[in-house]
Peer 1: 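Here it is, the structure in full.
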Amino acid sequence: MKKTITTKRQGTTISASEHALVYSIVPKDLAGHLYQVTLDIATPDEAGQVVSLPAWIPGSYMVREFARNIVQIKASSDGKKVALKKLDKHSWQAAPCKGPLRISYEVYAWDLSVRAAHLDQSHGFFNGTSVFLSVHGQEMNPHVVDIQRADDAACKTWRVATALPELKARRYGFGTYIAANYDALIDHPVEMGDFALATFDAHGISHDFVVTGKVPNMDMDRIIADVKKICETQIAFFEPRSKKAPMDRYVFMTMVVGEGYGGLEHRASTALICNRNDLPVKHQPEMSDAYRGFLGLCSHEYFHTWNVKRIKPAAFAHYNLRQENYTSLLWIFEGFTSYYDDLMLVRAGVIDEAAYFKLLAKTVNMVTRGSGRTKQSVAESSFDAWTKYYRQDENSPNAIVSYYTKGSLVALGLDLTIRAETAGKKSLDDVMRAMWQKFGRDFYERSLTGKQQGLAETEFESVVEQATGVNVRRFLDKHARGTEDVPLAKLYADFAVLVNEGTANKKASLGVRVVRDGNDCKIANAHEGRAAHLAGLSAQDVLVAINGLRVTAADAGDSLSAALGRYRVGETVQVHAFRRDELLNVSAKLQTDDVPAVSITVQATAKTGSVARPSFQRLVKNK
Ligand code: ZN
């Protein structure tokens, strides 16, 4: 194939030369959830070509060993069988041959998440990390993919949504697509099915909004009107003068289910999963909490187009897809993104200031609930993401802190500190734009020659100082590398924003989170130092009775408040519970309900002499 195409995204020509690796993928068995993949290597390594599948997908920091879903794999050259030797859990080596080499395999795709691959009669979705073997030594060659329609009546009307550039395909059609290299190939997920589709323009860039799944009376016009405002606000945030987006088109692909939530960022698209009821209904104009949350998810993943897909920690500038890639900076890449996701909603005018502060108060309350925040810093939480944040268990609230939620409070604390110390002249916005200019703007252009750079582990405070003149080392020692809470009430005081600590809930509590388990009420987490823990109860114990009265699954719904509503703080109750099949009988002294919930409000008038108040208005209004 000699046809060439140009993408503005890479700023350079991607040419499907004779060195291109050519994949074909077809949904072979919808009910059996199998993709058939063929990989043609024109000039394999004559010493024996090695191929492998990634162990993890960038953006989701856990080793998932995608190669376990390869069902059968074989190799041939000019129609003759070539032996394949398995080297380890995700690699194979073909016997030496002069080429061309063809490798064929099936991939089992039954993971309905944004991280892997899924296929049935209703649709197909895949990330390249689940289906495309990398060809060692040829990762920088162009990669061509022929996405084929299944030979199944169910797929007759299917279309294809992906931000992969088309080589020989119509937009939304089956056919061949091309990626500049392997890294680009696996950064463009593909959705196929009878999806709903709407297109809008944001600062000159075409954006597709794709929705898969049944959503009666979905108000697509409202979704794209809101998402367009968010996209334009973010493009203008990073490039205030040129308003130039870093991609030449963008695709939001949304899978709608009964119960599910999540998103994964890519350089020119995002894969989202949400509840049916998160999406707005025609002729119901009110803003529900669920829809606000969905817009926050869109805003979050879109912000990653800059922060983590182009501004990256140095550890991610060249991924090692075979194993964990450690960085202590995810609080910048996920935490700052979490800070800006809601802030961008209010700056875009999609939500108002009061709604923003409600969301912020919720984040503060989530962070202060767990005692894990006193033991693990967000820097440590970032480093251990692979084994702790992504592999949470019943003890996680007592042991770890979220680099998302606490990271977003660190971002807010830094923003307020910078604004206060520069009398409102500088802010965290300047830091983000400085990182964008230094690392992000030409990341993929540089990556074509292997010269891309990321933020080094100890570089952040010097970037802040250069951008704003403010030294934040002590702040970071305490709140990012240390475990101290971010003193929001103190920091916000300069800005005439009140953080009301609230009064502790006087309701009697066992200090547990309970969940429904069939007809039972089961302890999901026993909070450290609280009544249940002190009485000897623990996570996974099934509550049977309190003072001789039965506890059932219905009590899980309102966190035991009906079962405990007749008791006062300080009273002792007898609790019967099953641990496995053994009955326990313990005395528990009831305590007050968990930590006091804060609320955040803006004072009607600024304090006299408050230099920071105008800056605060810029914080939320971006003016
Ligand atoms: Zn994120």
Side-chain angles (χ1 to χ4, degrees), residues 57 59-60 109 111-128 130 157-164 171-172 187-202 205-231 234 247 249-282 284 287-305 309 337 341-342 344-345 348 350:
I57 180 168
S60 182
D111 177 345
L112 189 56
S113 78
V114 295
R115 302 176 295 256
H118 192 253
L119 177 67
D120 69 5
Q121 293 86 338
S122 70
H123 88 130
F125 171 81
F126 61 81
N127 285 287
S130 283
T157 53
W158 283 16
R159 294 186 288 175
V160 174
T162 178
L164 267 178
R171 175 93 14 124
Y172 315 121
D187 203 14
H188 289 88
V190 174
E191 171 71 30
M192 50 180 99
D194 289 314
F195 43 74
L197 166 70
T199 300
F200 63 91
D201 176 285
I205 298 298
S206 172
H207 288 61
D208 289 333
F209 206 94
V210 172
V211 179
T212 301
K214 296 183 179 125
V215 193
N217 288 318
M218 172 173 59
D219 193 345
M220 183 70 111
D221 290 343
R222 180 175 175 190
I223 296 173
I224 61 169
D226 288 335
V227 174
K228 176 185 164 87
K229 286 184 210 160
I230 296 165
C231 295
Q234 295 195 17
M247 62 290 186
R249 64 181 284 241
Y250 191 89
V251 182
F252 288 91
M253 39 189 90
T254 307
M255 177 76 210
V256 182
V257 294
E259 189 66 54
Y261 177 84
L264 193 62
E265 67 276 8
H266 299 282
R267 68 184 68 179
S269 58
T270 180
L272 309 170
I273 190 160
C274 73
N275 291 352
R276 188 164 292 110
N277 294 335
D278 292 346
L279 299 181
V281 183
K282 277 181 193 156
Q284 293 183 8
M287 171 69 80
S288 67
D289 287 349
Y291 180 47
R292 191 182 296 114
F294 176 73
L295 291 175
L297 178 65
C298 294
S299 178
H300 180 98
E301 303 306 341
Y302 196 71
F303 197 83
H304 275 315
T305 311
K309 292 314 305 187
T337 301
D341 60 21
D342 287 340
M344 288 294 165
L345 297 186
V350 171

Peer 1: Evaluate the side-chain proximity of His266 to Met253: yes if any heavy-atom separation is below 4.5 Å, no if none is.
Peer 2: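 Answer no - side chains too far apart.
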
Peer 1: Treating Asn127 as the side-chain partner and Ala116 as the backbone partner, does any N or O pair qualify as donor plus acceptor under 3.5 Å?
Peer 2: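 Yes.
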
Peer 1: Using 0.5 Å steps for rounding, measure from the CG atom of Asn217 to the CD atom of Gln284.
Peer 2: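 Answer for the CG-CD pair, Asn217 versus Gln284, is 8.5 Å.
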
Peer 1: Using modelled atom types and a 3.5 Å cut-off, is there a donor and acceptor pairing between side-chain atoms of Asp111 and backbone atoms of His118?
Peer 2: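 Not a single qualifying donor-acceptor pair exists.
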
Peer 1: Given side-chain contact (heavy atoms from CB on, under 4.5 Å), test Phe125 with Met255 step by step and report yes or no.
Peer 2: CA-CA 9 Å; Phe125 171 81; Met255 177 76 210; over 6 Å; no

Peer 1: Taking Arg249 for its side chain and His207 for its backbone only, find out whether a donor-acceptor pair lies under 3.5 Å.
Peer 2: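 Side chain of Arg249 to backbone of His207: no pair is present.
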
Peer 1: Output, in order, the C-alpha distance, side-chain angles, deciding distance and verdict of side-chain contact (heavy atoms from CB on, under 4.5 Å) for His300 and Thr270.
Peer 2: CA-CA 10 Å; His300 180 98; Thr270 180; over 6 Å; no

Peer 1: Counting distance only, does the side-chain N/O of Lys229 pair as donor-acceptor with the main-chain N or O of Val350 below 3.5 Å?
Peer 2: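 Flag not set: sc Lys229 to bb Val350 has no pair under 3.5 Å.
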
Peer 1: Any non-hydrogen side-chain atom of Val251 less than 4.5 Å from a side-chain atom of Thr162?
Peer 2: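 A side-chain contact is absent here, since even the closest heavy-atom pair is not under 4.5 Å.
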
Peer 1: Working to the nearest 0.5 Å, report the span between CG of Leu295 and CD1 of Ile230.
Peer 2: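 Between Leu295 CG and Ile230 CD1, I get 4.5 Å after rounding to 0.5 Å.
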
Peer 1: Heavy atoms only: give me the nearest Arg292-Met287 pair and the separation to one decimal.
Peer 2: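 Where Arg292 meets Met287 most closely, the heavy atoms are NH2-CG, 3.7 Å.
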
Peer 1: When you check the gap from the basic side-chain N to the acidic O, do Arg159 and Asp194 get nearer than 4.0 Å?
Peer 2: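 Result for this pair is no, no salt bridge flagged.
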
Peer 1: Between Leu112 and Val257, is the side-chain contact (heavy atoms from CB on, under 4.5 Å) condition met? List the steps.
Peer 2: CA-CA 9 Å; Leu112 189 56; Val257 294; 3.7 Å; yes

Peer 1: State, to 0.1 Å, how close Arg267 and Thr305 come at their nearest heavy-atom pair, and which atoms those are.
Peer 2: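 Closest approach of Arg267 to Thr305, heavy atoms only: O-CG2, 3.5 Å.
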
Peer 1: Under 4.5 Å between any side-chain heavy atoms of Leu272 and Leu297, yes or no?
Peer 2: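 Yes, side chains in contact.
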
Peer 1: Of all the heavy-atom pairs spanning Asp120 and Ser122, show the shortest one and how long it is.
Peer 2: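 Answer, listing the atom of Asp120 first, then Ser122: OD1-OG, 2.7 Å.
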
Peer 1: I want to check something: taking the side chain as every heavy atom from C-beta on, are Val256 and Thr212 in contact at a cut-off of under 4.5 Å?
Peer 2: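 Side-chain contact under 4.5 Å: no.
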
Peer 1: Dump the intermediate steps for side-chain contact (heavy atoms from CB on, under 4.5 Å) on Tyr172 and Val160, then the final yes or no.
Peer 2: CA-CA 5 Å; Tyr172 315 121; Val160 174; 5.7 Å; no

Peer 1: Looking at every heavy atom in both Ser269 and Pro189, which two are closest together, and how far apart are they?
Peer 2: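 That would be OG-CD, 3.6 Å.
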
Peer 1: Say whether, by atom type as modelled, one donor and one acceptor occur between the side chain of Ser299 and the main chain of Asp341 under 3.5 angstrom.
Peer 2: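 Yes, because the side chain of Ser299 sits within donor-acceptor range (under 3.5 Å) of the backbone of Asp341.
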
Peer 1: Are any of the side-chain heavy atoms of Tyr261 and Ile273 separated by less than 4.5 Å?
Peer 2: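 A side-chain contact under 4.5 Å is absent here.
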
Peer 1: Hey, what do you get for OG (Ser130) to CD1 (Ile57), rounding to the nearest 0.5 Å?
Peer 2: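 It is 6.5 Å, given to the nearest 0.5 Å.
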
Peer 1: Does Asn275 use its side chain to pair, donor to acceptor, with the backbone of Asp278 at less than 3.5 Å?
Peer 2: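 It does not hold such a pair.
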
Peer 1: Look at the rings of Tyr302 and Phe252 and say which category their plane angle falls in: under 30° parallel, 30 to 60° tilted, over 60° perpendicular.
Peer 2: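 Judged by the thresholds at 30° and 60°, the geometry between Tyr302 and Phe252 is parallel.
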
Peer 1: Shortest non-hydrogen contact from Ala268 to Ala163?
Peer 2: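 In this case the closest contact between Ala268 and Ala163 is O-CB, 3.4 Å.
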
Peer 1: Which pair of non-hydrogen atoms, one from Gln121 and one from Trp158, has the smallest distance, and what is that distance?
Peer 2: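 The pair with the smallest heavy-atom distance is O-CZ2, 3.6 Å.
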
Peer 1: Find the distance between CG (Leu279) and SG (Cys274) and round it off to the nearest 0.5 Å.
Peer 2: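 So the CG of Leu279 and the SG of Cys274 are separated by 4.0 Å.
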
Peer 1: Step by step, work out the salt bridge (Lys or Arg N to Asp or Glu O under 4.0 Å) result for Asp187 and Lys309.
Peer 2: CA-CA 10 Å; Asp187 203 14; Lys309 292 314 305 187; 3.2 Å; yes

Peer 1: Can you classify the ring geometry of Tyr291 versus Phe294 as parallel (below 30°), tilted (30 to 60°) or perpendicular (above 60°)?
Peer 2: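 Tyr291 vs Phe294 ring planes: parallel.
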
Peer 1: Measure the shortest side-chain to side-chain distance between Thr337 and Glu265 over non-hydrogen atoms and say whether it is less than 4.5 angstrom.
Peer 2: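 When only atoms from C-beta onward are counted, Glu265 and Thr337 do not touch, as no gap falls below 4.5 Å.
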
Peer 1: Got Phe209 and Thr199 here, is their nearest side-chain heavy-atom distance under 4.5 Å?
Peer 2: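 They are not in side-chain contact.
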
Peer 1: Would you indicate whether the side-chain heavy atoms of Cys298 and Phe303 approach each other to under 4.5 Å?
Peer 2: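 Not in contact.
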
